[in-house]
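Presented below is the structure to which this report refers.
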Amino acid sequence: MGYLGGFKVTFMKLFEERVTTEYPKEKRPKPSRFHGRHVLNRYEDGMEKCIGCELCAGVCPARCIYVRGADNSESDPVSPGERYGYVYEINYLRCIHCDLCVEACPTEAITESKLFEFSFANRSDAIYTKNELVVGDDGLPQRQPWELWHEGDDLATSGWMRATASAGNPDYENRVGWSGELGYGTRDPELGQHDSASDEKPETLAHEHDQLEDVD
Amino acid sequence: MSEQDVTEVTVTVNGTEIEAQSGEMLIAAADRAGVHIPRFCYHERMSSVGMCRMCLVDVDTGRGPMLQPSCMVPVSEGMIVDTESDDTKRAQEGILEFLLVNHPLDCPVCDKGGECPLQDQTLAYGPGESRFIEEKRHYEKPIPISDLVHLDRERCILCDRCTRFADEIAGDPLIQFTERGNSTQVLTFPDEPFSSYFSGNTVQICPVGALTAAPYRFKARPWDLEENESTCTTCSMGCRISVQSSRNELVRYLGVDVESVNHGWLCDKGRFNFEAVNSDERLTSPFVRDPDNQRQLLGTDWGSALASSAEAIRRAGPQKVGIIGGSRLTNEDAYAWSKFARSVIGTDNVDAQLGDGLPAELVLGLPPATIADACEADTVLVIGPDLKEELAILHLRLRGAATKGRTQVVQIGAATTGSDSYAQRSIRCQTGEAAKTLSELLSSDDPLAKQLSDGSVVVILGRSSVAESVDPAVATAAVIQAELPHATFLVAVRRGNVRGALDMGLAPGFLPGRTRISNPSASLTEKWKQIPEKSGLGTSEMLQAAAAGQIETLILLGADPLSDFPDRNLAADAIQKTKTVIAIDNFATSSVAQADIVLPATAYGEQSGTTTNIEGRISRVAQKITSPGSTRDDWMIATELAWRLGGDLELTSKEDIWREIEQVAPSHAGITLERVQSSEMFEGILVQQSSIDLALPVPKDTPVADGYGLRLISGRKLWDAATTTEQSPSLRHLAESPSIKVHPNDLQRLGIPSGTEVRVISTRATENLTVTADDNVQRGTAILPFNQPGVGANRFIDATAVINDIRIETL
């Protein structure tokens, strides 16, 4: 074979099925847990879910989130409870879409859509403010002129689950207990989540669940 | 327990033998040995109550191990303690589970979340999961219990810290437990808010988020706070604080526990006036008077503002320049201005006090005492202002010492004060006659006379009333020096760094290091190009000279004579007749608005350096945020002006300035820059206390009152129209509306019902004010607080008179 030996792998690959696609002409379906541009959700009554607690900003490894809380007015509250997110900004030049903010959020206020095709002509456009992040009156993400939305990018934006229990038990699987959402209502449990009809529990976890029955 | 009874005992904690003092609580001994026992109710500055049971540990005193609350068990010889036993752990888990039965899990919206002892200790000592699924106890979410503090009863774990603080430390028992059992809650009394001057401390010591401060509400979360250790300069107590900022904005001050000064406590004025630094009203660029329209100030650049300032100083010449103020400055800034005045301008017309303090001679020259001395002395003689209003934390320290029986407080004064409740004796005298009353007391056979002459005495001396001149205070000092030669003094001058400014020579006749102008140190004459030979004018004389047209350029160094000088008419006259008034300040105060050139200075929190407190203790002031606009440090303004006047201060940084201070000021010799930057500064470094020769002037006799007038007494209140209070949105409405207080019998004699508006007439002014009858006011006197919003007492006061009388007429 001599020097041709080195081309063996190359030649073999010529006859295999291609794994790359001709992006952007051709687009592949995105996985259901895809991390794209964030949205700030609302409850079914239109109240904002964000309470301005800054946990997302605190956990963000890229330091791209800036939140400030403020007192809700009694007559015209923005969110349920005492506090609401008065300022909410994400700098998309810094965001690495790690989703830690989503995990940290105690009210499921911030989640990620599947939109990733957006570009900016200047730096200030890259800083999304609350006006741009919060979902519209129909519960759907607001679309900015510089964003390329595709069918299904805005669906199941809150399809997430907590990975571990607060006590740190990695086998712990939370019950579906999330709140209703504007435009979607209360979502059904997904496959593999507790309370899901088609879900079959492995034997090892069943015991765990009996113990945790009274939790929450 | 007296000191002789204290013996060393050996206690075994977790297998290690530690030394402890008999009588001290186990938790305190463990703390010192570095063993942390979790706790909620225990606080080292307050008495133990054993309310929370979190500090249960296994204690074996020979009868086998049993769980005991370590904050209630005094150490004893041979005690064996296990803070990590299985029983202890079970107890800790149980207590935390119980506490969390009703504690809401609203940590994300709670201001304490992230720095919450309940959160932290639940994580460290609590069970992983809760077994309770029942509905928690519900109350109305935060209810304001005062203008500054919100109470969320759902979060309260009934640890008794706030109520104990209010009762034991502050002496304002305005919050208390109500109801029983599951409904037990902390509340105020009906229609009586928790209006304590110290309410902010309850927020700081609350181990949960039950008490939160309105000015900090939802401002930031603990993890985005940055902090620097600093010293509060709101008054001259020099309380150690932690300055906290978020995103280059001051959001909170917390008290730092130092033994020598504040024990961790702060007054609400000092704690919450950070809002002023963030105010939109700050001066951020220089201004000059519009030549075409004298009523208007025009924005300008630093170059031209400094050039016109230098020109005004040059034109006036050394004799016709005056510098008033300087107590807002750090020691370093004050030194630069002191050097600039003497060495470059060549004037000695400098005074950091605004005619409402005491002569610099007395402040610097009387035999000094520390705050700790006062708290340990047999007797503390208070002849001066109401400490609760003017030096609130000194009042707190004295109250603590007096209620624990360590010292006896004796007051001599014309009005009731906040110290009456814990004073051994409060002797009432006519205003201005404290010296006479004291010498009569000392020559009588009253047992108090013997107590004063035989025991140790610390005198807290100050101006009892701004409506009397300095003469009565000087006379009192003379009497004490003559008859109680062993007495030491804590001079109650209240403004920020006034003590440091006087130390740095911002007083007529004094050079840095408490030396007189006639006797400069050798190193000073070497460093300074010139030193005026004669003593210059103090603030009072400067303003009188200005009113007579003898001052051409007046520099207001963070001073507002229109509000703070006792005699507003004189100050207004002086400012109007002075050709050029240069104001260096943070805000457009009433005096700054009258100035011809305005130079914006950096404020507290934006500058670093040192400050000196009432007892001569130097401590650090730290920079935390950057200053707005083009504001500059005061020392930079001095060096710039010097440069333009053809001089050079040869000072290029604050470190530079401190090195020079250490060289030229005899009282500061040995306090090197290294020491100032070391951890020694946590407690602060006392300036060498060498008393200087006093030549006390012979005081004038107090004039006799006529039958028609009322003697005016005017002291300051904690909440007044001070610039930083006015500029803090949370504090500005706390000052009372001014009303003149008179004894009901006097009012009856005049035929005026209480609460009506009357005409108040003095030699200076005639104004309409509301009059209120008050039993606590002595007959023949009238009390009108100084510097209140609206009609302040300074309109009625003649600064040249020993005593001011007023008359009240119906409209």
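Chain letters run A, B, ... following the sequence lines, proteins first and then strands; every chain starts at 1. Heavy atoms only: backbone and side chains are in, while hydrogens, waters and symmetry mates are out.
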Check: A:C53 main-chain N/O paired with B:R221 side-chain donor or acceptor under 3.5 Å: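 At least one qualifying donor-acceptor pair exists.
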Greater than 12 external heavy atoms within 6.0 Å of [X]'s [atom1]:
| X | atom1 | value |
| --- | --- | --- |
| B:F98 | CZ | no |
| A:Y86 | OH | no |
| A:D137 | CG | no |
| B:D280 | CG | no |

In Å and rounded to the nearest 0.5 Å, what is the [atom1] to [atom2] distance from [X] to [Y]?
| X | Y | atom1 | atom2 | value |
| --- | --- | --- | --- | --- |
| B:D111 | A:E82 | CG | CD | 9.0 Å |
| B:K141 | A:N72 | NZ | CG | 13.0 Å |
| A:R68 | B:F218 | CZ | CZ | 13.5 Å |

